[in-house]
S.K.: 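Sending over a structure as structure tokens; questions will come in a sec.
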Amino acid sequence: MRTITAIMGDGIGPEVVEATIRVVDATGVPIDWQRVYAGMTAFNKTGNPLPQETLDSIARNRVALKGPCDTPIAGGFPSVNVALRQKFDLFANVRPIKSMPGVKSRYANVDLVIFREGIEGLYGGTEEYVVKDGLIIGAEAKAITTVANCNRFFQQVFDFSSRQGRRVTIVHKANIQKKTSGLFLKLGKELAGGRNIVVNEIIVDNAAQKLVLDPTRFELLACNNEHGDILSDLCAGLVGGLGVVPGANIGDKYAIFEAAHGTAPDIAGKGIANPTALILSAAMMLEHIGEPFAAKIVREAVETVIGEGRRVTADINWKAMLLQKAATTEEMTDEIIYAIGNLSKGA
Ligand code: NAI
């Protein structure tokens, strides 16, 4: 039996993590889940948003399933999401953005992947207040781009794009941030050239516009940390919202699987969060640990339940919500587990 760390997170975190654990367990893959805390809940319990027990558990198990964690705005402790990526050297954040039959959205045929660099850029840099005569007169930030990290990031991008036959577009702002973003772009293009891969490039603001007009023109977007963060939410909006977009943070030694969404404070504790994004993240995790069949069954079960549209959460079925017929997190999870049972029998 394999032990995997389950970081419960904040807000809707515990609800979607428990739902996802039930789904993974239903595939029959034997996993011993080690539940640990991070974020505001951990801070309130222990005074530390990233307790040593949590770090030790990830270090031991090397694979974690993570619920979203709160980050206080404009003050308080630093983001544990950023800290976890840095501590475990998770330099590639992979987010598949795919339309699903049954999810109401603007486009029916989106199928792109966002590859977001995970540990550098502005989020990986430092920021300081500028103080004069004891008064804060401003603030400044430093962005980080290193050759070694960009090379291994783009190596992953091109390995993945070659496996999946996807055309890569490098997103940048090298017209303004000529050194930090410029180096990111240059290294990506050089590596592609060395492998005879044709890449496109696009300035991030234009990418945002083109994504809204026609996302089907893109197959894989390679972005720096902050561009990838923002475009992920934009792209989630193109395929039905944050409730359906999964993600994986991958490094050389460790991997943490988490949805693109946050703690959803507006719906936390109501039992109505969509578990899909984390369940699909768990499918990525199952592939990562060498269980591709279980991963396939989980994806098919999710697609079946969402395709049928009878027992899905309100965020993807507004009609059901208006009729007060939307499913709770638990009901949708039960339906997915039922579908896994049927699919496993048929296999
Ligand atoms: P959010 O993703 O939590 O919520 C944005 C909107 O999407 C809300 O209306 C929410 O109800 C909806 N939503 C998100 N996930 C959903 C789901 N599974 N089912 C149904 N609806 C869902 O973003 P927000 O409000 O900007 O951030 C809230 C907190 O989450 C902040 O403290 C932020 O720092 C944190 N956060 C954490 C992340 C992580 O742990 N990786 C990622 C993004 C935000």
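Note that the coordinates shown come from a computational prediction; the quantities given were computed from them, not determined experimentally. In each ligand, atom 1 is the first atom listed, and ligand 1 is the first ligand listed.
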S.K.: Report the part of P265 (side chain from C-beta onward, or backbone N, CA, C, O) that has a heavy atom under 4.0 Å from ligand 1; answer both or neither where that applies.
M.R.: side chain
S.K.: Heavy-atom pairs closer than 4.0 Å: do any link ligand 1 to the side chain of T263, the backbone, both, or neither?
M.R.: both
S.K.: Atom CD of residue position Q86 - does it have more than 12 heavy atoms of other residues, nucleotides or ligands inside 6.0 Å?
M.R.: yes
S.K.: Looking only at protein heavy atoms, identify the closest one to atom 37 (C) of ligand 1 and say how far it is in Å.
M.R.: C69 O, 3.2 Å
S.K.: Could you identify the single nearest non-hydrogen protein atom to atom 4 (O) of ligand 1 and state the distance to 0.1 Å?
M.R.: A264 CA, 4.1 Å
S.K.: Side chains of E308 and T304, heavy atoms from C-beta outward: is any pair under 4.5 Å?
M.R.: yes
S.K.: Among all the protein's heavy atoms, is there at least one whose distance to atom 15 (N) of ligand 1 comes out below 4.0 Å?
M.R.: yes
S.K.: Heavy-atom contacts under 4.0 Å between T71 and ligand 1: side chain, backbone, both, or neither?
M.R.: both
S.K.: Return the closest protein heavy atom for atom 11 (O) of ligand 1 as residue, atom name and distance.
M.R.: D266 OD1, 2.7 Å
S.K.: Provide, to 0.1 Å, the distance between atom 18 (N) of ligand 1 and the closest protein heavy atom, together with that atom's residue and name.
M.R.: N274 O, 2.9 Å
S.K.: Are the side chains of S162 and I197 in contact, using a 4.5 Å heavy-atom criterion?
M.R.: yes
S.K.: Atom 32 (O) of ligand 1: protein heavy atom closer than 4.0 Å?
M.R.: yes
S.K.: As an exercise, identify every atom of ligand 1 less than 4.0 angstrom from a heavy atom of N81.
M.R.: 37 (C), 38 (C), 39 (C), 40 (O), 41 (N)
S.K.: Is it the case that the side chain of R116 and the backbone of N225 share a donor-acceptor pair, with hydrogens and angles ignored and the cut-off at 3.5 Å?
M.R.: yes
S.K.: Should the proximity of D315 to ligand 1, defined as any heavy atom under 4.0 Å, be assigned to the side chain, the backbone, both, or neither?
M.R.: side chain
S.K.: Give the numbers and elements of all ligand 1 atoms closer than 4.0 Å to a heavy atom of K66.
M.R.: 39 (C), 40 (O), 41 (N)
S.K.: Evaluate the side-chain hydrogen bond (donor to acceptor under 3.5 Å, both in side chains) criterion for residues K173 and N224: first the C-alpha distance (whole Å), next the side-chain angles of each, then the deciding distance (0.1 Å), finally the verdict.
M.R.: CA-CA 10 Å; K173 191 68 189 177; N224 77 7; over 6 Å; no
S.K.: Using a 3.5 Å distance criterion without hydrogens, assess whether the side chain of Q156 forms a donor-acceptor pair with backbone atoms of F158.
M.R.: no
S.K.: Return the CG to OG1 distance between L112 and T216, rounded to the nearest 0.5 Å.
M.R.: 9.5 Å
S.K.: Can you name the one residue among R152, K253, R62 that meets salt bridge (Lys or Arg N to Asp or Glu O under 4.0 Å) with D89?
M.R.: R152
S.K.: Just to be sure I read this right, does ligand 1 sit under 4.0 Å from the backbone of I272, its side chain, both, or neither, counting only heavy atoms?
M.R.: neither
S.K.: Looking at R166 and E219, would you say the former's side chain and the latter's main chain have a donor-acceptor pair under 3.5 Å?
M.R.: yes
S.K.: Of all the non-hydrogen atoms in the protein, which one sits nearest to atom 41 (N) of ligand 1, and at what distance?
M.R.: E258 OE1, 3.1 Å
S.K.: Look at atom 1 (P) of ligand 1 and say which protein heavy atom is nearest, naming residue and atom and giving the distance to 0.1 Å.
M.R.: G262 N, 3.5 Å
S.K.: Which residue and atom name correspond to the protein heavy atom nearest atom 22 (C) of ligand 1, and how close is it?
M.R.: I267 CD1, 4.1 Å
S.K.: For atom 6 (C) of ligand 1, what is the closest protein heavy atom, and at what distance to 0.1 Å?
M.R.: L242 CD1, 4.3 Å
S.K.: With distance as the sole test, does E331 use its side chain to make a donor-acceptor pair with the main-chain N or O of R311 at under 3.5 Å?
M.R.: no
S.K.: Would you call K66 and L84 a side-chain contact if the rule is heavy atoms closer than 4.5 Å?
M.R.: yes
S.K.: Which one holds for D70 and ligand 1: side chain close, backbone close, both close, or neither close, with close meaning a heavy atom under 4.0 Å?
M.R.: both
